[in-house]
Amino acid sequence: MKYLITTILTLFFVFPFAFGDLRVGFYGSSCPRAEEIVRQIVQRRFNRDRSITAALLRMHFHDCFVRGCDASILIDSTRGNQSEKAAGPNGTVRGFELIDEIKKALETACPSTVSCADIITLATRDSVAMAGGPRYDVATGRRDGLVSRISDVSLPGPRSTVSAAQQAFAANGMSLDEMVTLLGAHTIGVAHCSFFRDRLNDPNMDPGLQAKLGRICRPKKGDPTSFLDQNTSMVFDNEFYNQIILKRGVLFIDQQLALDPLSSKLVSVFAGNSAVFERSFINAIVKMGNIRVLVGTDGDIRKNCRVFNK
């Protein structure tokens, strides 16, 4: 009950219709069809590749936790600069071509108007709803960053402890409860064997899952993947929390959420109440999308999301 009350109060105070210079419907006059264009293109991609939801969630997180939500993750490296894309944690981030497709359509409809940072935010929002998750509004008006450096990338990894991950989230203004909520996005998506192979003898993993993952990771060539949620793998729901309670967490950090006293109580709440999880997720993903945003005359509106304007 405490978590339910906290969630409702947080939604009331943190989810208004405007965030400073950001506001819901920012492009209502300058590009009225902007959100519709994003939604249509994401829907086409989702229809043939439902894994795009997990890809966009990961891209959004990796962007916002480095220099804020400024689309710096989209910049390609050049001879004179290794961008964020070149960092190890971003090696498996994907979906860049979808952002390119959306940007091209928006530049045709409304040149130099919709930022790449807003495209990531809107595309992620739409894909979550398409995967069965909650529908929610997001404020727009972000501008694109002017810097993207490999040296700036520092992200919590799959082998992080709860306390270590909490520190990374706190550095970005996110609470422990919001961290537990956002990691619930692991209800969809996959992980490569290289991220969890060292757990195949972990006593805190269900023996049946250990055997299954052992078979998946047996090939010596390549780096196979496993679903993070072993039950409703392609649906955005609260099943992830039930799975980790059953010791069926694939990643170390996921399983630790159910074992560590810092997070285990909230895991139980979310496992037992999908509505509370969804409300908490809306609050957390909206708040994450407003980390250190550029607005007004700061930053730029890129014509090509992969390169800075000349």
Side-chain angles (χ1 to χ4, degrees), residues 33-64 69 71 73-76 84-85 89-109 114-136 138 155 158 182-196 212-213 216-217 219 221-240 243 250-251 254 278 281-282 285 288-289 304-306:
R33 293 188 61 243
E35 295 198 25
E36 179 186 351
I37 289 170
V38 174
R39 186 178 299 108
Q40 289 177 346
I41 295 175
V42 172
Q43 183 71 68
R44 289 202 299 267
R45 175 63 179 270
F46 181 84
N47 289 345
R48 67 177 189 272
D49 175 18
R50 294 181 63 185
S51 71
I52 193 60
T53 303
L56 288 169
L57 279 163
R58 191 157 184 256
M59 178 190 292
H60 193 24
F61 168 66
H62 281 225
D63 182 47
C64 290
C69 307
I73 195 172
L74 302 179
I75 294 294
D76 287 338
E84 292 174 25
K85 277 185 183 177
N90 291 332
T92 53
V93 174
R94 62 187 182 86
F96 298 113
E97 75 291 340
L98 174 61
I99 304 300
D100 293 338
E101 182 182 355
I102 296 170
K103 182 60 173 174
K104 182 178 180 180
L106 287 170
E107 283 298 302
T108 298
V114 182
S115 70
C116 302
D118 276 342
I119 292 173
I120 295 175
T121 304
L122 291 169
T124 302
R125 184 270 308 268
D126 293 340
S127 70
V128 166
M130 291 169 194
R135 299 178 183 276
Y136 56 94
V138 291
L155 295 160
L182 289 173
L183 285 174
H186 286 177
T187 191
I188 54 176
V190 301
H192 290 267
C193 288
S194 56
F195 290 122
F196 60 81
K212 178 181 178 180
L213 297 181
I216 291 173
C217 298
K221 293 184 179 180
D223 194 9
T225 61
S226 169
F227 286 113
L228 291 170
D229 177 344
Q230 295 293 305
N231 190 12
T232 55
S233 307
M234 300 297 287
V235 179
F236 193 98
D237 57 19
N238 67 327
E239 180 58 23
F240 166 79
Q243 291 292 301
V250 174
L251 299 177
D254 290 351
E278 287 194 356
F281 180 79
I282 291 171
I285 194 73
M288 187 190 80
N304 179 339
C305 291
R306 293 175 179 262

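Throughout, numbering of the chain's residues begins at 1 and tracks the sequence.
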### Message
For the backbone of I73 and the side chain of K85, can you confirm whether one donor and one acceptor N or O come within less than 3.5 Å of each other?
### Response
no
### Task
Check whether any side-chain heavy atom of S226 lies under 4.5 Å from a side-chain heavy atom of V190, and answer yes or no.
no
### Query
Considering only heavy atoms from C-beta outward, does the side chain of C305 approach that of F96 to under 4.5 Å?
no
### Query
What is the distance from atom OG1 of T124 to atom CD1 of I119, rounded to the nearest 0.5 Å?
11.5 Å
### Task
Apply side-chain contact (heavy atoms from CB on, under 4.5 Å) to L228 and I188, showing your working.
CA-CA 7 Å; L228 291 170; I188 54 176; over 6 Å; no
### Query
Which pair of heavy atoms, one from A123 and one from V42, lies closest together, and at what distance?
CB-CG2, 3.7 Å
## Note on the structure
In this structure, CZ of F281 is separated from CZ of F236 (nearest 0.5 Å) by 3.5 Å
### Task
Begin with the C-alpha distance, continue with both residues' side-chain angles, and end with the deciding distance and a verdict on side-chain contact (heavy atoms from CB on, under 4.5 Å) for I216 and C193.
CA-CA 8 Å; I216 291 173; C193 288; 4.1 Å; yes
#### Entry: Matching residue for Q230 among E239, K212, Q243 - test: side-chain hydrogen bond (donor to acceptor under 3.5 Å, both in side chains)
K212
### Query
Taking all non-hydrogen atoms of both residues, which atom of A185 and which atom of L57 are closest, and how far apart?
CB-CD1, 4.0 Å
### Query
Judged by atom type as modelled, is there a donor-acceptor pair below 3.5 Å linking the side chain of R50 to the main-chain atoms of M234?
yes
### Summary
Value for CZ (R135) from CD1 (I282), rounded to nearest 0.5 Å, stands at 11.5 Å
### Message
Before you tell me yes or no, could you show the steps for R58 and T92 under side-chain contact (heavy atoms from CB on, under 4.5 Å), namely the whole-Å CA-CA distance, both residues' side-chain angles and the distance that decides it to 0.1 Å?
### Response
CA-CA 9 Å; R58 191 157 184 256; T92 53; 2.7 Å; yes
### Message
Run the side-chain hydrogen bond (donor to acceptor under 3.5 Å, both in side chains) test on S127 and R45 for me, step by step, so that the C-alpha distance in whole Å, both residues' side-chain angles and the decisive distance to 0.1 Å come before the verdict.
### Response
CA-CA 9 Å; S127 70; R45 175 63 179 270; over 6 Å; no
### Side-chain H-bond candidate by donor/acceptor type, N90 with E84, under 3.5 Å
no
### Query
Of all residues at least two apart in sequence or in a different chain, which pass the side-chain hydrogen bond (donor to acceptor under 3.5 Å, both in side chains) check with S51?
D49, R94
### Task
Would you name the heavy atoms of E278 and G132 that are closest together and state the gap between them?
OE2-O, 4.3 Å
### Query
Does L106 reach the side chain of V38, with side-chain heavy atoms less than 4.5 Å apart?
yes
### Query
Could R44 and E101 be called an ion pair, given the rule that one side-chain N must be under 4.0 Å from one carboxylate O?
yes
### Query
Tell me, do E36 and R33 make a side-chain contact under 4.5 Å, heavy atoms counted?
yes
### Query
Given side chains that start at C-beta, do those of I120 and L56 come closer than 4.5 Å, heavy atoms only?
no
### Message
Can you confirm whether T232 sits close enough to F240 that some side-chain heavy atom of one is under 4.5 Å from a side-chain heavy atom of the other?
### Response
no
#### Entry: L182 side chain near M288 side chain, heavy-atom distance below 4.5 Å
yes
### Query
Checking side-chain contact (heavy atoms from CB on, under 4.5 Å) for the pair V235/T187: CA distance, chi angles, key distance, verdict?
CA-CA 7 Å; V235 179; T187 191; over 6 Å; no
### Task
Check P158 against F195 and note the closest heavy-atom contact, atom names and distance.
CG-CD2, 3.5 Å
### Task
Compare all side-chain heavy atoms of H62 with those of L155 and state whether any distance is below 4.5 angstrom.
yes
### Task
In sequence, state the C-alpha distance, the side-chain angles, and the governing distance for E107 and K104, and then conclude on salt bridge (Lys or Arg N to Asp or Glu O under 4.0 Å).
CA-CA 5 Å; E107 283 298 302; K104 182 178 180 180; over 6 Å; no
### Approximate separation, where rounding is to 0.5 Å, of C69 SG and D118 CG
10.0 Å
### Query
Can you tell me how far CG of L74 sits from CG of D100, rounded to the nearest 0.5 angstrom?
8.0 Å
### Query
side chain to side chain contact (heavy atoms under 4.5 Å, CB included) with R39: which residues, sequence neighbours excluded?
E35, R125, D126, M130
#### Entry: Shortest non-hydrogen separation from L251 to A191 and the atoms involved
CD2-CB, 3.8 Å
### Task
To the nearest 0.5 angstrom, please state how far the OG1 atom of T225 sits from the CG atom of L213.
11.0 Å
### Query
If you look at every heavy atom in A71 and A117, which pair is closest and at what distance?
CB-N, 3.6 Å
### Message
Test of understanding: with side-chain hydrogen bond (donor to acceptor under 3.5 Å, both in side chains), list the residues that count as partners of D223, not counting sequence neighbours.
### Response
S194
